[in-house]
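Here is the structure we will look at, set down as structure tokens.
By convention here, the first residue in the shown sequence is residue 1. Every value quoted in this text rests on a predicted model; they were computed, and no experiment measured them.
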Amino acid sequence: MIPKMICNSCGKEICPCMGAPVAEYLHVAKEWGYFSGKDGMRQEWNLCESCYDRLLESFQVPASAQEVTELV
């Protein structure tokens with residue numbers, strides 16, 4: 001059984017299809033090091049595409065973007 005993948009921001013399920021998510025999403029995995037306030041902690045979370053867009057809109061300094069001509 002494939003585990004459910006949930007957007008940590010809105011709670012919407014990112015539906016799996018044949019072992020892979022159907023929708024585009026962002027997965028973040030961060031291991032915190034010394035002097036961080038989270039020493040030795042690993043955090044992981046997922047964002048659906050619409051929550052990712054909202055996150056980027058909140059940036060004070062825009063994220064850089066380049067067009068990719070070969071899609072995987």
Side-chain angles (χ1 to χ4, degrees):
M1 180 174 189
I2 300 168
K4 287 184 180 181
M5 185 181 301
I6 304 293
C7 174
N8 286 83
S9 182
C10 70
K12 179 175 73 174
E13 184 175 1
I14 303 168
C15 302
C17 177
M18 296 177 60
V22 173
E24 285 287 330
Y25 69 100
L26 171 70
H27 176 78
V28 175
K30 170 65 177 159
E31 289 185 14
W32 294 94
Y34 293 119
F35 313 111
S36 68
K38 299 172 191 64
D39 294 0
M41 183 180 294
R42 178 181 172 88
Q43 295 178 313
E44 294 188 51
W45 46 275
N46 299 305
L47 287 181
C48 67
E49 188 173 3
S50 59
C51 289
Y52 171 83
D53 291 340
R54 278 195 298 279
L55 176 65
L56 284 185
E57 289 171 5
S58 73
F59 287 3
Q60 293 297 311
V61 177
S64 64
Q66 298 82 33
E67 187 169 344
V68 177
T69 56
E70 291 186 32
L71 301 177
V72 178

Where [X] and [Y] come nearest, the two heavy atoms and their spacing:
X   : Y   : answer
I14 : Y25 : CD1-CB, 3.7 Å
A63 : L56 : CB-CD2, 3.9 Å
G33 : D39 : O-OD1, 2.9 Å
Y52 : L26 : CD1-CD2, 3.8 Å
N46 : M5  : ND2-CG, 3.6 Å

Step-by-step side-chain contact (heavy atoms from CB on, under 4.5 Å) determination, K38 to Q43 | CA-CA 10 Å; K38 299 172 191 64; Q43 295 178 313; 4.1 Å; yes
- Task: Kindly work out whether a path of hydrophobic side-chain contacts (I/L/V/M/F/W/Y, heavy atoms less than 4.5 Å apart) joins F59 to L47.
- Result: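 Linked, F59 and L47 end up in one cluster.
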To the nearest 0.5 Å, tell me how far E49 CD sits from E24 CD.
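It is 6.5 Å, given to the nearest 0.5 Å.
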Legend entry - Steps toward side-chain contact (heavy atoms from CB on, under 4.5 Å) verdict (C48, C10): CA-CA 8 Å; C48 67; C10 70; 3.9 Å; yes
Taking the side chain as every heavy atom from C-beta outward, state whether C51 and K12 have any atom pair closer than 4.5 Å.
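A side-chain contact under 4.5 Å is absent here.
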